[in-house]
Amino acid sequence: MRMRSEMVPGFFTLANMFCGFYASIMAATADGAADTEGRFVTAAWLIIAAGVLDVLDGKLARMTSSSSDFGVQYDSLADVISFGIAPSLVSYFIFFRHWGTVGLLVSFVPVMFGAIRLARFNAQLKGYDKPYFEGLPIPAAALAIATFIIFNYEIWGEFRLAKLLLPLVLVASLLMVTNIRYETMPNFSLQSNRANRLKILAVLIGSVVLIFYPQQTFFPLMLGYLLSGVVRLVWVILTPKAEPTEPPEKK
């Protein structure tokens, strides 16, 4: 019996959800374990794996023409677990649990704003193909946190600079609920415009760099994407729009 094409993206969404669930367990049970720091790093990589699966399930849904309202809701529920709860718990158990109530509230911020972003996204959804994201996507915010943890441990051999994670968490969370434009993944097609070809080139270069230096470069790349929307907004505001020299003809 052939598996229906509509079920394939759903399995990727389920795998995404499991990665987020497992990352949460790894973070919650790391304290006191023989490989405490290794468990935290593994939890961060599981969040990244969930991000990869999230991209794949969307691509597969469009390739198989199986996008649906149910799939959108199902994907959003998985995203709350993998990109809301999981990074919040990992951040809490590594950095913020020693801050008492303040640490608890800071750790809750990604879940809160992530859920708001997903609810807004679903309510405003018109069609399944998006030319750009309105606000920072929740997987990007989660990956910025996860890659910071990996980068932190790779550079210092321990988890340091909690005070640097604090602004990262707050800024990434706030960007999720703004109207700032963020680029989507490129359409890998031979027939595409110049802007899409540039995005393909950027993704390919970033992928090659990640293959050779994943621990050192993943966080800078995610930080670059996080800031790209802000930089673009500033550029649009500061760059004067060219005014037409002649009014258009009325027919």
Side-chain angles (χ1 to χ4, degrees), residues 8-9 11-23 26-27 30 35 37-63 75 78-79 82-83 86-87 90-91 94 130 132-133 136-161 164-165 168 172 175 182-229 231-232:
V8 177
F11 281 120
F12 277 84
T13 304
L14 184 64
N16 160 15
M17 192 188 308
F18 177 78
C19 285
F21 170 70
Y22 193 23
M26 292 291 286
D35 57 339
E37 293 175 335
R39 283 175 176 256
F40 285 136
V41 172
T42 300
W45 278 113
L46 284 167
I47 294 171
I48 293 172
V52 174
L53 291 165
D54 184 60
V55 171
L56 290 176
D57 72 13
K59 291 290 185 183
L60 285 169
R62 285 185 284 275
M63 287 174 59
D75 185 72
D79 287 354
S82 297
F83 309 125
V90 173
S91 300
I94 296 179
K130 303 171 289 296
Y132 59 87
F133 293 114
L136 182 69
I138 184 173
L143 263 60
I145 296 171
T147 54
F148 173 84
I149 292 167
I150 295 168
F151 180 82
N152 193 308
Y153 188 71
E154 176 67 19
I155 298 299
W156 288 284
E158 61 181 347
F159 297 112
R160 299 169 58 182
L161 304 177
L164 286 183
L165 180 61
L168 177 65
L175 286 174
Y182 281 90
E183 296 296 329
T184 61
M185 286 291 289
N187 178 24
F188 290 90
S189 172
L190 296 177
Q191 297 179 346
S192 58
N193 56 33
R194 182 173 179 270
N196 190 70
R197 290 196 297 270
L198 289 174
K199 286 202 292 183
I200 293 174
L201 180 61
V203 169
L204 291 176
I205 293 174
S207 299
V208 171
V209 172
L210 285 175
I211 290 172
F212 291 101
Y213 307 102
Q215 292 90 346
Q216 298 90 342
T217 59
F218 213 149
F219 173 65
L221 288 173
M222 290 309 306
L223 185 61
Y225 180 73
L226 186 148
L227 296 175
S228 67
V231 172
R232 182 184 181 279

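The first residue in the sequence is number 1, and the count goes up from there.
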**Request:** May I ask you to test the Leu227-Leu223 pair for a side-chain heavy-atom distance under 4.5 Å?
**Result:** yes
**Complete:** Nearest heavy-atom contact between Ile150 and Ala44 is CG1-CB, 3.7 Å
**Asked** Between the main-chain N or O of Tyr225 and the side-chain N or O of Tyr182, is there a donor-acceptor pair closer than 3.5 Å?
**Response** no
**Request:** Please name the pair of heavy atoms, one in Met17 and one in Ser82, separated by the smallest distance, quoted to 0.1 Å.
**Result:** CA-OG, 3.7 Å
**Request:** Can you see which heavy atom on Asn152 is nearest to which on Glu158, and at what distance?
**Result:** OD1-O, 3.0 Å
**Request:** Enter the distance from Leu165:CG to Ile94:CD1 here, rounded to the nearest 0.5 Å.
**Result:** 8.5 Å
**Item:** Pairwise side-chain contact, Leu14 with Phe18, heavy-atom cut-off 4.5 Å (strictly under)
**Value:** no
**Message:** For the OG atom of Ser207 and the CD1 atom of Ile205, what is their distance to the nearest 0.5 Å?
**Reply:** 10.0 Å
**Message:** Are Pro214 and Trp45 packed together at the side-chain level, in the sense that at least one heavy-atom pair is separated by less than 4.5 angstrom?
**Reply:** yes
**Prompt:** So, for Phe218 and Phe151, is the gap between ring centers shorter than 6.0 Å?
**Reply:** no
**Request:** Working to the nearest 0.5 Å, report the span between OG1 of Thr217 and CZ of Phe212.
**Result:** 11.0 Å
**Nearest heavy atoms of Val90 and Ala23, plus distance in Å** = CG2-O, 4.2 Å
**Message:** Do Leu168 and Phe219 have side chains that approach each other closer than 4.5 Å (heavy atoms only, starting at C-beta)?
**Reply:** yes
**Prompt:** About how many Å separate CG of Leu143 and CG of Leu226, when rounded to the nearest 0.5 Å?
**Reply:** 11.0 Å
**Minimum heavy-atom distance Leu46-Cys19, with the two atoms named** = O-CB, 3.5 Å
**Message:** Can you confirm whether Asn16 sits close enough to Leu56 that some side-chain heavy atom of one is under 4.5 Å from a side-chain heavy atom of the other?
**Reply:** no
**Item:** Side chain proximity check, Phe133 to Ile138, heavy atoms < 4.5 angstrom
**Value:** no
**Request:** May I ask you to decide if Ala144's main-chain N or O and Thr147's side chain share a donor-acceptor pair within less than 3.5 Å?
**Result:** yes
